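In this chain, numbering begins with 1 at the start of the sequence shown. Just so it is clear, the model here is predicted, and its values are computed rather than measured.
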Amino acid sequence: MAAIYSLYIINKSGGLIFYKDYGSAGRMDTNDSLRVASLWHSMHAISQQLSPIAGCSGVELLEADTFDLHCFQSLTGTKFFVVCEPGTQHMESLLKYIYELYTDFVLKNPFYEMEMPIRCELFDINLAQAVQKDRVALLGR
């Protein structure tokens with residue numbers, strides 16, 4: 001079973017711009033993935049406003065019985081989140097690496113329009129390699 005179930009990238013307005021399923025048992029259709037992204041964006045924004053700590057950046061980890069959800073928000077407001085097996089370690093570093101891939105292969109692509117869905121072959125290839133490397137590293141532990 002894969003440690004990573006799925007990856008989402010949400011723009012600063014809350015729109016889903018990238019979704020990749022990595023073989024989770026209950027595959028979601030497009031509408032469900034849009035709902036999850038919208039719900040997470042809303043929960044993240046509400047948690048920032050309700051936090052008693054000044055300067056809180058929102059929820060970074062949601063732990064459930066059957067999955068963990070790790071989130072990284074860039075300075076521009078783009079959110080990257082991974083749904084993975086409970087207790088999976090080092091997802092923060094993977095998310096930061098995915099953000100680096102995003103900046104290198106998506107934002108520097110002259111044909112990419114900001115806030116639009118990501119359709120970039122180099123990003124897809126490098127993302128697949130990063131996730132595969134992470135899976136191999138997890139199996140080795």
Side-chain angles (χ1 to χ4, degrees), residues 1-109 111-141:
M1 183 178 248
I4 299 171
Y5 297 147
S6 54
L7 167 70
Y8 297 78
I9 302 176
I10 306 171
N11 64 22
K12 63 183 172 190
S13 305
L16 181 65
I17 58 173
F18 186 83
Y19 167 71
K20 183 71 175 171
D21 188 353
Y22 291 101
S24 58
R27 291 190 186 267
M28 292 192 295
D29 64 8
T30 304
N31 288 334
D32 289 338
S33 60
L34 288 169
R35 273 192 225 83
V36 168
S38 177
L39 178 66
W40 181 254
H41 175 74
S42 301
M43 285 177 39
H44 198 270
I46 291 169
S47 70
Q48 284 177 315
Q49 294 174 357
L50 294 179
S51 174
I53 301 169
C56 176
S57 63
V59 179
E60 294 177 357
L61 173 62
L62 174 70
E63 294 178 332
D65 292 338
T66 56
F67 68 91
D68 285 353
L69 190 150
H70 295 263
C71 182
F72 170 74
Q73 180 174 345
S74 71
L75 293 175
T76 59
T78 304
K79 293 175 196 66
F80 299 78
F81 70 92
V82 170
V83 179
C84 59
E85 288 180 349
T88 304
Q89 301 294 314
H90 309 290
M91 285 294 111
E92 296 81 16
S93 59
L94 177 65
L95 286 170
K96 287 178 183 177
Y97 183 69
I98 292 170
Y99 173 65
E100 289 177 23
L101 294 176
Y102 171 76
T103 58
D104 286 343
F105 297 107
V106 177
L107 295 182
K108 293 178 184 176
N109 182 343
F111 301 107
Y112 177 69
E113 293 183 41
M114 291 297 294
E115 307 297 317
M116 297 303 292
I118 297 170
R119 305 279 183 256
C120 180
E121 187 177 350
L122 283 175
F123 176 71
D124 292 338
I125 292 168
N126 284 281
L127 178 63
Q129 290 174 352
V131 169
Q132 185 61 31
K133 243 187 243 184
D134 190 64
R135 285 181 178 170
V136 169
L138 287 171
L139 291 173
R141 290 183 190 145

Side-chain donor-acceptor pairs of residues 117-130 under 3.5 Å, sequence neighbours excluded:
residue: Asn126; atom: ND2; partner: Leu122; partner atom: O; Å: 2.8

If we only count heavy atoms from C-beta on, is the Val82 to Leu95 side-chain gap below 4.5 Å?
yes
Ring pair (Phe, Tyr, Trp, His ring centres under 6.0 Å) contacts touching residues 58-78 (sequence neighbours left out):
Phe72-Tyr99
Give every residue pair that meets the salt bridge (charged side-chain N to carboxylate O under 4.0 Å, His left out) criterion with at least one member in residues 43-65, sequence neighbours excluded.
none
Applying salt bridge (Lys or Arg N to Asp or Glu O under 4.0 Å) to Arg35 and not counting sequence neighbours gives Asp32
Provide the closest heavy-atom pair for Asp21 versus Ser6 in the form atom of the first, atom of the second, distance.
CA-CB, 4.2 Å
Test of understanding: with salt bridge (Lys or Arg N to Asp or Glu O under 4.0 Å), list the residues that count as partners of Lys12, not counting sequence neighbours.
none
Using residues 48-55 as the side-chain source, report each donor-acceptor pair under 3.5 Å to any protein atom, sequence neighbours left out, with the distance given to one decimal.
residue: Gln48; atom: NE2; partner: Ser57; partner atom: O; Å: 3.2
residue: Ser51; atom: OG; partner: Ile53; partner atom: N; Å: 3.1
residue: Ser51; atom: OG; partner: Ile53; partner atom: O; Å: 3.4

Side-chain heavy-atom pair Tyr102, Ile17 within 4.5 angstrom cut-off
yes
Leu107 side, atom CG; Met114 side, atom CE - distance, nearest 0.5 Å:
5.5 Å
Only one of Tyr8, Tyr19, Phe81, Phe80 forms a ring-ring contact (aromatic ring centres under 6.0 Å, His included) with Trp40, so which one is it?
Phe81
Drop me the distance from Met91's CE to Leu61's CG, to the nearest 0.5 angstrom.
11.5 Å
With a 4.5 Å heavy-atom cut-off, do Ile4 and Leu94 have their side chains touching?
yes
Distance, nearest 0.5 Å, that separates NE2 of His44 from CD of Gln73
4.5 Å
If you round to the nearest 0.5 Å, how far is CG of Asn11 from OG of Ser74?
10.5 Å
